[in-house]
Amino acid sequence: MIRPEVYDKIERHFNQRALQRLAETEKVDFSALKLALFPYQQEGVHFAAFKSGCIIADEMGLGKTAQAIAAAVNKKRIFDFKRTLVVRPATLKHQWQKEIERFSHEKAEIVQGFRTDRSKQYRQSNAYFLILNYETLLRDVVELKKNPPDFIILDEAQRIKNYATKTANAVKSIP
């Protein structure tokens, strides 16, 4: 008899190996961006593009946002992703939208309005990037489980550093 977590561990191992092989053959395309990245940023994008999860922890002001956007755009091309969810503090929602539209050719939409409006955005938006804050994520976690993104970017991820919080559990529960 094999415990279920063994199957999960084996699946993660094979997925990781597949990503490693893909990283050896697939090239990260920076031509889809509207800016030129520095070599260290390109390295960060290449690293993030072929991981199921990672942390970009450069110093403040070194372009983590640009790297995250570039990684998401490359994941769209390489893996045919349809949606990236950007979760950030409420004060940064318009800044993220401007940065996405300044650095890429992708559409970014801020999730806002009444619950029915937000629900419709999750289901019907044609924007590749949906931007919401941590508080909205807590309120909409059920809807996000029904309409999961392909990729999640957490800005100011220290908001979930305590794994026992409601916010951390909500983020982890999104498929």
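We number each residue from 1, following the sequence as shown. As a basis for the values below, the full set of heavy atoms in this structure was taken, side chains included, without hydrogen atoms, waters or symmetry mates.
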_For a quick test of reading the model, state the closest non-hydrogen atom pair linking P175 to P148 and the distance between them._
O-CB, 3.6 Å
_Please give me the minimum heavy-atom distance between N74 and D29, naming the atom from each residue._
OD1-N, 2.8 Å
*Would one find more than 12 heavy atoms of other residues, nucleotides or ligands at under 6.0 Å from atom CD of E59?*
no
*Does atom NZ of K172 have more than 12 heavy-atom neighbours from other groups under 6.0 Å away?*
yes
*Report yes or no: do I110 and F114 belong to one cluster of Ile/Leu/Val/Met/Phe/Trp/Tyr joined by side chain heavy-atom distances under 4.5 Å?*
no
*Locate the shortest heavy-atom distance separating A70 from V45; write the atom from each residue and the value.*
CB-CG2, 3.6 Å
_Before you tell me yes or no, could you show the steps for E106 and K34 under salt bridge (charged side-chain N to carboxylate O under 4.0 Å, His left out), namely the whole-Å CA-CA distance, both residues' side-chain angles and the distance that decides it to 0.1 Å?_
CA-CA 10 Å; E106 298 297 334; K34 296 179 184 177; over 6 Å; no
*Rounded to the nearest 0.5 Å, what's the gap from CD on Q97 to CD on Q95? Could you check?*
12.0 Å
*asked:* If you count every heavy atom of other residues, nucleotides or ligands that lies below 6.0 Å from F38 atom CZ, does the total exceed 12?
replied: no
*Could you check if a side-chain atom of K9 sits within less than 4.5 angstrom of a side-chain atom of R3, using non-hydrogen atoms only?*
no
*Taking atom CG of L144 and atom CG of N147, what is their separation to the nearest 0.5 Å?*
7.5 Å
*Flag yes if L33 and F129 sit in one hydrophobic cluster, no otherwise; membership is Ile, Leu, Val, Met, Phe, Trp, Tyr, and two members link when side-chain heavy atoms are under 4.5 Å apart.*
yes
*Any chance CD of E43 has more than 12 other-residue heavy atoms, nucleotides or ligands included, within less than 6.0 Å?*
no
*Relative to the ring of F50, is the ring of H46 parallel (under 30°), tilted (30 to 60°) or perpendicular (over 60°)?*
tilted
*In a check of side chain to side chain donor-acceptor pair (under 3.5 Å) between D58 and each of K64, Q67, Q41, which one passes?*
Q67
*Answer yes when D117 and R115 have at least one side-chain N-carboxylate O distance shorter than 4.0 Å, and no when they do not.*
no
*Under 4.0 Å between a Lys/Arg side-chain N and an Asp/Glu carboxylate O for E109 and R83?*
no
_Separation of E143 CD from I174 CD1 (nearest 0.5 Å)_ = 11.5 Å
*Sidechain-backbone polar pair: Q42 side chain, L37 backbone, donor-acceptor under 3.5 Å*: yes
*Indicate if I10 and I2 have the same hydrophobic cluster label, given that clusters are the connected sets of ILVMFWY residues with side-chain heavy-atom separations under 4.5 angstrom.*
yes
_With sequence neighbours excluded, residues passing side-chain hydrogen bond (donor to acceptor under 3.5 Å, both in side chains) with D140_ = R118, Y122
*Hydrophobic cluster membership, V111 vs L92, 4.5 Å side-chain cutoff*: no
_Could you tell me if the side chain of T116 sits less than 4.5 Å from the side chain of K120, heavy atoms only?_
no
*asked:* For a quick test of reading the model, state the closest non-hydrogen atom pair linking L138 to A170 and the distance between them.
replied: CD2-CB, 3.8 Å
*Should T25 and R21 be marked as a side-chain hydrogen bond (donor to acceptor under 3.5 Å, both in side chains) after you check the CA-CA gap, both sets of side-chain angles, and the distance that decides it?*
CA-CA 7 Å; T25 59; R21 284 193 300 276; over 6 Å; no
*Is any side-chain heavy atom of V73 less than 4.5 Å from a side-chain heavy atom of F103?*
no
_Same cluster (ILVMFWY, side-chain, under 4.5 Å), I56 and F47_ = no
*Please report the closest heavy-atom contact between A66 and L35, naming both atoms and the distance.*
CB-CD1, 4.2 Å
*asked:* So which atom in Y134 and which in L154 form the shortest heavy-atom distance, rounded to 0.1 Å?
replied: OH-CB, 3.7 Å
_With rounding to the nearest 0.5 angstrom, report the CD to OG distance, Q124 to S119._
8.5 Å
*Can you tell me how far the CD atom of Q16 sits from the NZ atom of K51, to the nearest 0.5 Å?*
6.5 Å
*Can you check whether P149 reaches L130 side chain to side chain, under 4.5 Å on heavy atoms?*
no
_So for atom NZ, which belongs to K27, do other residues, nucleotides or ligands contribute more than 12 heavy atoms lying within a distance under 6.0 Å?_
no
*Given side chains that start at C-beta, do those of I69 and W96 come closer than 4.5 Å, heavy atoms only?*
yes
*Going by distance alone, is a donor N or O of one side chain under 3.5 Å from an acceptor N or O of the other, for K93 and N133?*
no
*How long is the gap from OH on Y128 to CD1 on I100, to the nearest 0.5 Å?*
10.0 Å
*asked:* Is it true that, when you exclude R123 itself, more than 12 heavy atoms of the residues, nucleotides or ligands shown sit nearer than 6.0 Å to its CZ?
replied: yes
*Is the shortest side-chain N to carboxylate O distance from E99 to R102 below 4.0 Å?*
yes
*Listed by chain and number, what are the ring-ring contact (aromatic ring centres under 6.0 Å, His included) partners of F81, not counting sequence neighbours?*
F79
*Over 12 foreign heavy atoms within 6.0 Å of CD, Q158*: yes
